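Since we're looking at a predicted model, the values are computed, not measured. Just so it is clear, the values below take in all heavy atoms, side chains as well, and ignore hydrogens, waters and symmetry mates.
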Amino acid sequence: MGEISDSAINSHYLSRPKIILYFNNGSEDRRIPFVLSNITYVQGKCFFSGKYTYMLDQIFWHTRKDCSPFKMSFNFSFADFYEEEIPVEIKPEIVETIDSGFPCKIKGNMVEFFPIKRKIYPSLLSKIFFGVLNFLIVTFEYLVAILMLPIFVIDGLICMTLNKSMPARINDENPLKRFFAFVFWRFSQVATKKVSIWTAKRFVFKALYNFYRLRKIDRKKITFISLRRNDLSGNFAFVYEKLKKDKSLKIDFILNEHTISEMSFGEINKFTKACATSKVIILDEFTPQIHYIDLRKETKLIQLWHACGAFKTFGFTRLSKPMGSPQKTRNHRSYDYVTVSSSYCKKCHSEGFGIPTDNVVPTGIPRTDVFFDEQYKEKARADFYEKHPNFIGKKIVLFAPTFRGMVKETAFYPTEMFDLEEVCSKLPDDYVFIVKHHPFVSDKQPIPKKYADRVIDLSQDNELNDLLFVTDVIITDYSSLVFEASLLNIPMIFYVFDLEKYINERDFYFDFKLYAPGKIVYSQNELIDSIKNEDYNTEKIEPFADMFFDYRDGKSTERVTKLIYSALEE
């Protein structure tokens, strides 16, 4: 618990203190959010407290089995302050460990832990004993379940014949399928170890990877893996254009949207072979398959994260929030390098991915190099106006909000909150609109017929970056588009009718009200007035770009390529 006393509190009522537990064992560091349960503002003071259970044996990843002593201290941020830069007192009232495996000492606001390896990790003998015991128990359960199969079949026939109610999960209209589902359900009540296509494929996945590990690593082999795209585009395309000139390299691609359960056995074979024999593996998105295996130490895993900057929280930063990553997950923690757009982003991505700060490298984002290529920009403009000649000479407004909801399957945008008929009727005829919803959003934005000549929906058609070259004003909300737009100094309006709700559920890495590089509005009337009066707060764009881009020189691809070559030499 603790308190802050600062004049910033009264002027930034939406700001909340953020406490980061900072762990360091000398080889790795780790940033983990502290979950605050209570925040109270009273007369210029902010009081806060929280309690959360952290798994100390899951703090570090690469050195997790070394059991080195480590320290925990507090990093602090509030509004536009970060890490102990305003007076704050934090008192660790309670420090508990489940057993005596992590004895600790409290020194002021720092806690020192001294792990005892033999108490944290069981001996090899005990591992073997309990492994064999577990195998015998599972085998016994399946033998009993097989012997009881006739009983399960008779039970199912009785239920079907007498029309007895079955568990709610067994609701298929086909009676034969319903019967077999019932029998398998009864079987699983006795044999509790689940067996499915997913578990079988995962077993094959790991087995094949271990088989291919017997081969030597090809020190010139680079594999690009993406679940985000089926073609060579985005950051991958820019980096590959550089690498392909080197004929000594062996470059492979795995580009599809398949998870392990959706993979064919041929795809599993190709994936595991590539992972086991490549010197460098390059990703551009969360790739769950890669985290089911322990990559060889010689293999270097590089994440060319697709988004610029650090805007909405993700990964381990969302600890305790809906759909946040649980502390014990392996996801993201295998990265040897993550490329980001600026030094400011290092701590954000280190925290979100659960990796050491030194593993985050501010190279810049390759796909942003086109923003410094005048020839490319001219071609993009010419292509757009050739397709939409009625937009020539108009003031083009790009409406590009992000989605609501936590995942792709539930993503949506409340289209009723942006009434194009009202917006068009209240703005001069020389204002035209491009609608570009997030790819996850399936709902169509209603476009009035009377304004069909002033509005086009390109949600499914165009590369978003290319649209920026013809845009005069952007209407967005929490989209990472703002980073690319800041490079071109495009005026922005942030239409955030649900800001408080969004902060509660998702939150940002920085104070939104302070740093959003444009005009913030909360209603459609405010939005229309802002466009009419050309009130965009453009003075906030340049400082924002300075914060999130170390380089604005169009050479990000070169720096990423150098990083890949250095990884090949490690």
Side-chain angles (χ1 to χ4, degrees), residues 377-405 411-482 484-485 488-499 502 516-538 541:
K377 289 192 283 187
E378 281 302 319
K379 184 179 183 305
R381 292 188 191 103
D383 290 346
F384 176 84
Y385 287 123
E386 184 179 351
K387 293 177 183 176
H388 309 284
N390 58 317
F391 274 37
I392 295 174
K394 304 289 187 179
K395 294 180 180 178
I396 298 178
V397 181
L398 174 63
F399 175 60
T402 191
F403 66 94
R404 303 304 189 272
F412 72 99
Y413 181 82
T415 55
E416 70 278 2
M417 297 302 295
F418 186 65
D419 185 347
L420 274 165
E421 183 160 8
E422 181 183 8
V423 172
C424 289
S425 66
K426 291 184 177 180
L427 290 175
D429 292 344
D430 60 340
Y431 278 94
V432 294
F433 292 83
I434 300 172
V435 174
K436 187 78 170 71
H437 278 293
H438 192 281
F440 287 0
V441 175
S442 57
D443 296 333
K444 295 287 186 182
Q445 183 75 37
I447 299 175
K449 289 183 179 180
K450 62 189 293 187
Y451 296 115
D453 60 331
R454 292 176 60 188
V455 183
I456 52 174
D457 189 335
L458 300 180
S459 298
Q460 305 300 321
D461 300 335
N462 285 58
E463 171 65 35
L464 180 56
N465 280 357
D466 289 355
L467 296 178
L468 296 180
F469 302 134
V470 298
T471 296
D472 296 295
V473 180
I474 292 173
I475 301 171
T476 187
D477 43 21
Y478 319 114
S479 171
S480 59
L481 165 72
V482 298
E484 288 87 344
L488 298 174
N489 206 35
I490 301 173
M492 289 174 259
I493 303 173
F494 292 85
Y495 179 31
V496 289
F497 49 83
D498 56 350
L499 179 57
Y502 201 87
K519 180 74 172 181
I520 297 175
V521 299
Y522 303 95
S523 68
Q524 188 160 284
N525 286 334
E526 288 182 283
L527 171 65
I528 294 168
D529 288 342
S530 179
I531 297 174
K532 275 183 177 179
N533 300 323
E534 297 187 355
D535 178 15
Y536 304 129
N537 290 354
T538 52
I541 298 176

For the residue pair Phe384 and Leu467, establish whether any side-chain heavy-atom pair is separated by less than 4.5 Å.
yes

Check whether any side-chain heavy atom of Asp529 lies under 4.5 Å from a side-chain heavy atom of Ile531, and answer yes or no.
no

How about Phe418 and Phe399: are their ring centroids closer than 6.0 Å?
yes

Backbone of Thr415 reached by a side-chain donor or acceptor of Gln445 within 3.5 Å
yes

Keeping Ser530 on the side-chain end and Glu526 on the backbone end, is there a donor-acceptor pair under 3.5 Å?
no

Salt bridge between Lys377 and Asp466, side-chain N to carboxylate O under 4.0 Å?
no

If only side-chain N and O atoms count, and only distance matters, is there a donor-acceptor pair under 3.5 Å linking Asn525 with Ser523?
no

salt_bridge(Asp383, Lys387) N-O dist < 4.0 Å
no

Rounding to 0.5 Å, atoms OH (Tyr451) and CG (Asp429) come to a distance of 8.0 Å

With ring pair (Phe, Tyr, Trp, His ring centres under 6.0 Å) as the test, would you mind laying out the steps for Phe403 and Phe412 before giving the verdict?
CA-CA 5 Å; Phe403 66 94; Phe412 72 99; 8.9 Å; no

Rounded to the nearest 0.5 Å, how far apart are CG of Asn390 and CD1 of Ile392?
8.5 Å

Are side-chain heavy atoms of Leu481 and Ile474 found at a separation under 4.5 Å?
yes

Quick one, Ile447 and Arg454 - any side-chain contact, counting heavy atoms below 4.5 Å?
no

Heavy atoms, side chains only, cut-off 4.5 Å: are Ile456 and Lys436 in contact?
no

Do the side chains of Val473 and Leu398 get nearer than 4.5 Å, heavy atoms only?
no

Ile493 CD1 to Ile528 CD1 distance, which is reported to the nearest 0.5 Å
10.0 Å

Report the C-alpha distance between Met417 and Gln524 in whole Å, list the side-chain angles of each, state the deciding distance to 0.1 Å, and finish with yes or no for side-chain contact (heavy atoms from CB on, under 4.5 Å).
CA-CA 8 Å; Met417 297 302 295; Gln524 188 160 284; over 6 Å; no

I'd like to check His438 versus Ser479 (side-chain heavy atoms, cut-off strictly below 4.5 Å). Are they in contact?
no

Any side-chain heavy atom of Glu386 sitting closer than 4.5 Å to one from Arg381?
no

Reported NZ-to-CG distance for the pair Lys519 and Leu527, which is rounded to 0.5 angstrom
11.5 Å

Are Asp472 and Lys395 ion-paired here, with the side-chain N under 4.0 Å from a carboxylate O?
no

From Phe497 CZ over to Asp477 CG, what is the distance, rounded to the nearest 0.5 angstrom?
7.0 Å

Surrounding CD of Glu416 (heavy atoms of other residues, nucleotides or ligands, distance under 6.0 Å), is the total greater than 12?
yes

Going from CG on Asn489 to CD1 on Ile541, what distance comes out if it is rounded to the nearest 0.5 angstrom?
4.5 Å

Main-chain N/O of Pro491 paired to Thr538 side chain as donor or acceptor, under 3.5 Å:
no

Are Tyr431 and Phe433 close enough that their ring centres sit under 6.0 Å apart?
no

Tyr478 and Tyr502 aromatic centres sub-6.0 Å:
yes

